[in-house]
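These notes are about the structure you will find just below.
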Amino acid sequence: MSELAVTLLRLSYLALLWLFILFTLGVLRRDIFGTTVTPRGPGRPPSKPAKRREARPAARPARTEPTRLIVTEGPLTGSAVPLSGSAVIVGRASTSTLVLDDDYTSSRHARFFPHEGGWYLEDLDSTNGTYVSGTRIFQATPVAPGTPVRIGQHVMELRR
């Protein structure tokens with residue numbers, strides 16, 4: 001082999017070794033610092049100015065329907081998520097609607113969703129389970145306002 005080929009092999013090996021080290025450091029950093037929780041809610045300034053457009057006013061929910069999901073126990077006590085016509089995903093992933101930074105919570109743990117005039121809760125195949133009034137659920141279950149729901153170290157409920 002020529003001297004040039006040996007030098008190129010050495011440099012390639014060195015480059016691969018550095019890529020492996022950098023990749024390993026990235027994995028360790030994510031494990032140590034966890035997922036990044038993006039702030040959400042009324043205190044966060046909007047990233048872009050909203051364009052004003054003329055639209056029909058949104059229909060108000062009936063007074064019997066819950067309007068928010070509130071965390072009543074756990075590290076995020078007092079946090080609230082307004083309920084609309086779409087589902088609310090609860091989990092550890094930063095893409096979840098309600099982000100719970102909890103070791104006992106899966107990335108996509110559970111889903112609250114409206115169906116036939118009420119709200120239902122579905123466990124999304126979580127490791128540690130979802131509990132409604134102290135009972136573990138395995139299928140979509142109706143949740144009445146004020147019913148305690150335990151996900152990991154957090155307890156939450158739907159409120160009007």
Side-chain angles (χ1 to χ4, degrees), residues 19-51 53 55-160:
L19 284 174
F20 176 74
I21 290 171
L22 290 175
F23 176 76
T24 305
L25 288 175
V27 169
L28 288 173
R29 182 181 173 275
R30 279 190 298 264
D31 282 348
I32 291 171
F33 295 111
T35 58
T36 304
V37 179
T38 55
R40 297 182 182 168
R44 181 178 180 213
S47 56
K48 293 181 182 177
K51 292 183 180 179
R53 56 182 148 136
R56 287 182 262 154
R60 298 229 161 177
R63 292 195 182 252
T64 59
E65 290 184 25
T67 58
R68 56 199 166 138
L69 174 65
I70 296 184
V71 178
T72 57
E73 290 179 32
L76 293 177
T77 300
S79 299
V81 175
L83 299 175
S84 60
S86 61
V88 174
I89 303 292
V90 179
R92 219 173 30 194
S94 60
T95 56
S96 298
T97 312
L98 178 58
V99 179
L100 303 178
D101 192 21
D102 182 354
D103 291 337
Y104 300 101
T105 304
S106 299
S107 295
R108 291 177 46 92
H109 195 97
R111 174 176 77 118
F112 287 90
F113 63 97
H115 182 67
E116 296 177 354
W119 282 86
Y120 284 73
L121 176 63
E122 175 183 29
D123 184 76
L124 300 176
D125 296 326
S126 64
T127 305
N128 294 314
T130 303
Y131 296 84
V132 176
S133 296
T135 305
R136 186 170 181 173
I137 63 167
F138 296 97
Q139 61 186 8
T141 304
V143 179
T147 305
V149 173
R150 178 172 292 281
I151 296 177
Q153 296 176 347
H154 295 82
V155 176
M156 56 200 71
E157 60 186 51
L158 298 172
R159 290 197 183 157
R160 295 184 179 109

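Side-chain N or O atoms of Thr105 include none that pairs as donor or acceptor with a backbone N or O of Arg92 at under 3.5 Å. One N or O on the side chain of Thr141 and one on the backbone of Gln139 form a donor-acceptor pair closer than 3.5 Å. A donor-acceptor contact shorter than 3.5 Å links the side chain of Thr72 to the backbone of Val155. Remark: the backbone N or O of Asp123 is not paired with any side-chain donor or acceptor of Ser126 at under 3.5 angstrom.
Minimum heavy-atom separation, His109 to Gly129: NE2-O, 2.9 Å. The minimum heavy-atom distance linking Trp119 with Leu158 is given by the pair CB-CD1, 3.6 Å. When all heavy atoms of Val99 and Leu76 are compared, the pair lying nearest together is O-CD1, 3.3 Å. Minimum interatomic distance between Ser107 and Ser96 (heavy atoms only, all atoms of both residues): O-OG, 3.5 Å. The nearest pair of heavy atoms linking Pro114 to Gly85 is CG-O, 3.3 Å.
Between Val149 and Phe112 the shortest side-chain heavy-atom distance falls below 4.5 Å. A 4.5 Å side-chain heavy-atom check between Glu65 and Thr67 finds every atom pair outside the cut-off. Using a 4.5 Å cut-off on side-chain heavy atoms (C-beta onward), Pro66 and Leu83 make contact. Contact of the Pro145 side chain with the Glu157 side chain is not registered, since no non-hydrogen atoms from C-beta on lie closer than 4.5 Å.
The distance from atom CD1 of Ile151 to atom OG1 of Thr130, rounded to the nearest 0.5 Å, is 5.0 Å. Atom CD of Gln153 sits about 10.0 Å away from atom CG of Asn128, to the nearest 0.5 Å. Taken to the nearest 0.5 Å, the CZ atom of Arg111 stands 4.5 Å off from the CD atom of Glu122.
Looking at Ile70, Leu98, Leu121, Thr147 one by one, the single match for side chain to side chain contact (heavy atoms under 4.5 Å, CB included) with Met156 turns out to be Leu98.
By the side-chain contact (heavy atoms from CB on, under 4.5 Å) test, Pro142 pairs with Tyr120, sequence neighbours left out. For Ser84, the side-chain contact (heavy atoms from CB on, under 4.5 Å) partners are Ser86, not counting sequence neighbours.
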